[in-house]
Amino acid sequence: MPELLEVERYREVAVTTIGRRITSVHAPDRWFLKGGLDADGLRAATVGTTVAAVRRHGKVLLVTLDSEAVLGLRFGMTGRLVVDGRAPIEALEYGPAIERPEWDRVTLEFADGGPLRLNDPRRLGGVELDPDLRRLGPDAWGLGLSALRRALAGTASPVKAVLLDQSRIAGLGNLLTDEILWRAGLDPARPAGGLTEVELRRLQRAIRTTLPQLYAQGGSHTGVLQAERHDDGRCPRDGAVLVRRTIGGRTTRSCPVHQR
DNA sequence: CCGGATGTTCACCT
DNA sequence: GAGGTGAACATCCG
């Protein structure tokens, strides 16, 4: 999905639906509804209610209704949010530039204003009623040192795999994780539980500074490593040819010189 | 034509 | 039990 920076932009446009009453729901794709939810159940839980709050945890957008039901919206890799015809992100980095109506997986229509649509070509996202937030770790934005220490403790898994694990820390995806580890000067394959206190501080600082900076620049793909994500890509810091590996199931690029 | 791409989940191994 | 791998979802792009 979009990583937490992109979902944060979705949140900003979604808050404009607060106070608006839902008049109808379209959910033609059964597969997109998660946790045993079907279109009738979604309709019963939402139609006639008013949007009371919109917030984000990790990569999940949470729409709270005045019935106290909560809709959890996930965007997979290619999910777009469109509200009142406004798409905060027109084209995702790895998604199609165009938008087709048949890719609208869930649509909420309101008594006033245009609809909220989740448009997802690849159907990797989903919508859930009352998602279990206990399955998510603390949000990566503003993550403190003690929370990071807790998240990494007690596992020999590669630090990158742990940063990607949404139940440990919520919000980081593949691009952000590579960028953060590059900035922290840490090898993504290092066992998470084996970091020294000094390294933990470096990592926490990289998380704390990278997220607002890339957010201000326009998203997860605006890191300095992004332009070098190809064969023969070189480290922007010291010029070494970047190493490409699979860690945590994802393509990982890192500098063999300064990431140790 | 083939392989891979900001993600999650699950079955199946080791 | 902890981790890792591959498949599935479906489309676009180089």
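Residue numbers begin at 1 in each chain, while the letters A, B, ... track the order of the sequences. Small disclaimer: the values here were computed from a predicted structure and weren't measured. Heavy-atom basis, side chains included; hydrogens, waters and symmetry copies ignored.
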Counting only side-chain nitrogens and oxygens, does [X] get under 4.0 Å of the OP1 or OP2 atom of [N]?
X: A:R122; N: C:dC13; result: no
X: A:T251; N: B:dA5; result: yes
X: A:W103; N: C:dT11; result: yes

Can you name the atoms? Protein N/O to nucleotides 3-5 of chain C N/O, anything below 3.5 Å, with the distance.
from, atom 1, to, atom 2, distance (Å)
C:dG3, OP1, A:T155, OG1, 2.8
C:dG3, OP1, A:A156, N, 3.4
C:dG3, O5', A:S157, OG, 3.2

When you measure from the side chain of [X], which nucleotide among [options] comes out closest?
X: A:R229; options: B:dT6, B:dT8, B:dA5; value: B:dT6
X: A:R244; options: B:dT6, B:dA5, B:dT8; value: B:dA5
X: A:R123; options: C:dC9, C:dC12, B:dT6; value: C:dC9
X: A:P121; options: C:dT11, B:dT6, C:dC9; value: C:dT11

Return the value, rounded to whole Å, for the distance between atom [atom1] of [X] and atom [atom2] of [N].
X: A:N174; N: B:dA5; atom1: CG; atom2: P; value: 8 Å
X: A:D120; N: B:dT8; atom1: CG; atom2: P; value: 13 Å
X: A:W31; N: C:dT11; atom1: CH2; atom2: C1'; value: 14 Å
X: A:L225; N: B:dA5; atom1: CG; atom2: P; value: 14 Å
X: A:L164; N: B:dT6; atom1: CG; atom2: P; value: 10 Å
X: A:R80; N: C:dT11; atom1: CZ; atom2: P; value: 12 Å
X: A:L33; N: C:dC9; atom1: CG; atom2: P; value: 17 Å

Under the side-chain hydrogen bond (donor to acceptor under 3.5 Å, both in side chains) test, residues paired with [X] that sit two or more places apart:
X: A:R168; answer: none
X: A:S254; answer: A:R245
X: A:E68; answer: none

*Going by atom types only, do A:R183 and A:Q213 share a side-chain donor-acceptor pair under 3.5 Å?*
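Yes.
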side-chain contact (heavy atoms from CB on, under 4.5 Å) partners of [X], counting only residues at least two apart:
X: A:R20; answer: A:T16, A:T17, A:D84, A:F110, A:D112
X: A:A170; answer: A:H57, A:L136, A:Q166
X: A:T107; answer: A:H26, A:D104, A:E109, A:P115, A:R117
X: A:V241; answer: A:R234

*Based on the glycosidic angle (syn within 90° of 0, else anti), state the conformation of C:dT11.*
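The base of C:dT11 is oriented anti (glycosidic angle more than 90° from 0).
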*Pairwise P distance, B:dT6 and C:dG3 [rounded to whole Å]*: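 Pairwise P distance, C:dG3 against B:dT6, rounds to 24 Å.
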*Quote, to the nearest angstrom, the P distance that separates C:dG1 from B:dT8.*
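The answer is 24 Å between these two P atoms.
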*Dot-bracket notation for DNA chain C is requested: 5' to 3', Watson-Crick or G-U wobble pairs only, both distances under 3.5 Å, with ( ), [ ], | and . as defined.*
.||||||||.||||
_Main chain of A:A52, side chain of A:D66: is a donor-acceptor contact present, judged purely on distance under 3.5 Å?_
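Such a contact is absent between A:D66 side chain and A:A52 backbone.
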*Scan residues 190-200 of chain A for pairs that pass salt bridge (Lys or Arg N to Asp or Glu O under 4.0 Å), counting only residues two or more places apart or in two chains.*
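Those involving residues 190-200 of chain A are A:R149-A:E197, A:R190-A:E199, A:E197-A:R201.
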_Applying salt bridge (Lys or Arg N to Asp or Glu O under 4.0 Å) as the test, list every pair that has at least one member in residues 130-144 of chain A; sequence neighbours left out._
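As it turns out, the salt bridge (Lys or Arg N to Asp or Glu O under 4.0 Å) pairs with a partner in residues 130-144 of chain A, which skip direct neighbours, are A:R56-A:D139, A:D132-A:R134.
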*Pick base, sugar-phosphate or nothing for A:R105, based on heavy-atom distances below 4.0 Å to the nucleic acid.*
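The residue A:R105 makes no contact with any strand.
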*Mind checking whether A:L61 and A:R11 have side chains closer than 4.5 Å, heavy atoms only?*
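With C-beta onward as the side chain, the pair touches.
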Which atom pairs link the protein and nucleotides 9-14 of chain B when you take only N or O atoms and keep those under 3.5 Å?
none

